[in-house]
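This chain uses plain numbering: 1 for the first residue, then up along the sequence. Start at 1 and go down the list; that is how both ligands and their atoms are numbered.
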Amino acid sequence: MQTVSTIFINGEAVEGERNPFPVINPATGEAFAQCPAATPEQVDQAVAAANAAFKTFQHTPDADRKAMLHRIADLIDANADELAQLVTLEQGKPLALAQMEVGAAAGWTRYNADLDVPVKVVEDSDTRLAELHHKPLGVVGSITPWNWPLMIAVWHIMPAIRTGNTVVSKPSSMTPFSTLKLVELINQVVPAGVINIVTGEGGIGRAMTQHQDIRKIVFTGSTPTGQDIMRKSADNLKRLTLELGGNDAGIVLPGADIDAIAQGIFQTAFLNMGQTCAALKRLYVHEDQYEAVCSKLAEIASQQVVGSGLESDVTFGPVQNQDQFNLVSELVEDARAQGARILCGGEAQPGNGYFYPPTIVADVSNGVRLVDEEQFGPVLPVIKYSDVEDAIVMANDNVNGLGGSVWGSDIEQARSVAARLETGTAWINNHAEVLPHCPFGGSKMSGFGVEFGEEGLLEYTQPQLLNISRG
Ligand code: NAD
């Protein structure tokens, strides 16, 4: 597979000035390509190029920027096979899921293309006309994780460009190639310097968060990194959108139709092998239905075909990296040691890849690490409750507050429980569903700010109130 072997600064493909680093295919545990590595000086060059481009790009007519995003979406479609292969090679997910990721990347780009930046008339009277406008911020730094590398890069880059900002992107070093390819494609459409990309570790992320000429950081990743970014961003008061970790709870209400909801629970808990920020990560089930729900989930889990994402019959790929694989194993062992019942899975597959089968763990409770911490992998703890009030308390008993869900047939009851979840999104009879028109973001330690929809778009802008006196 051909991978992009340069970074992009000011519209040019340039060599990284550090030694390239290997990128591991999680299905084999072996490197499949070398990624270029930038230096902090190259971060400076990228920011300077973005800053220079901003001077003119901010004034491009709105219609031109809309057209650019449509052309980018067409290019994503035209390169869909290559992008999907790259996502599977570097991230591990089954090819069908990678194809969905590429499709969503194109769809999100088109949605952003068609969004309008609103002008709100605040007052229109004899004394004044007051209008609220929104202007671009300047250079936006985008820092992305390894779970949905292409889609999250699109989530950051497209609204930034749509609103007239310029961008320096830094993908995760575990999954850099799909973003490098995306930036190569975007550069075929936008003026030089509008999109730049730097790769590697060794202070590259920090060089961005401390940079005085970056006006905003949009970051998706872990909470500790988000906290570091927030501290480092203080010097020039960077705007921040922080999409951080989650430990989403789902509550199955008494009397739920188990056959109707079990597939949905399984799919949204194990989406992307559980490596999804807003996956269902803890499930609370009433004691009357506890055993039935546990065995149904274990039955569905046992039907999964675990293997390399490039094999056609595989439904379940590897964990993305060794550290995450170790964490999942450790949390399951810790739960087992505390008396948990492992209903299926629970043992890593032998071999070199990071294969861990979908695992359902029963007889656990809050206070066990597997429940309290974000496992971010293919394991779901199922916790028994006897009173819905207790389930709500346990669901909210977590520092995170990204998403949460309620499952049941009585929608009014589900609605009243959902309203009490301390989360940025509450789903009923679903989980983990993100949509380009629905604002999505975290509460508590899951971050702040939203992505998607008009509210998400406006996070890339500075409000300016225009006050025209009419005497
Ligand atoms: P991570 O925080 O380790 O890394 C994310 C990115 O930050 C990478 O590009 C990394 O190189 C960079 N980085 C690391 N240290 C940095 C620093 N000090 N300054 C600047 N940049 C730095 O996260 P990860 O392990 O790649 O991703 C998994 C986490 O992301 C999980 O906690 C998951 O819940 C979260 N996540 C959240 C969302 C959301 O929308 N809320 C979506 C996806 C993933």
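- With hydrogens and angles ignored, the 3.5 Å screen pairs a side-chain donor or acceptor of Q42 with a backbone N or O of T39.
- Cation-pi geometry between K216 and Y460 is met: under 6.0 angstrom from the ring centre, within 45 degrees of the axis.
- Here the side chains of W407 and I265 are in contact, with some heavy-atom distance below 4.5 Å.
- The backbone N or O of N79 sits nowhere less than 3.5 Å from a side-chain atom of E82 that would complete a donor-acceptor pair.
- Contact residues of ligand 1 (protein heavy atom closer than 4.0 angstrom to a ligand atom; sorted by chain and number): I143, T144, P145, W146, N147, I152, K170, P171, S172, E201, G205, R206, F219, T220, G221, S222, T225, D228, I229, E243, L244, G245, G246, C277, E374, F376, L402, F440.
- The backbone N or O of N147 sits less than 3.5 Å from a side-chain atom of N272, completing a donor-acceptor pair.
- G307 approaches P318 most closely through the heavy-atom pair O-CD, 3.9 Å.
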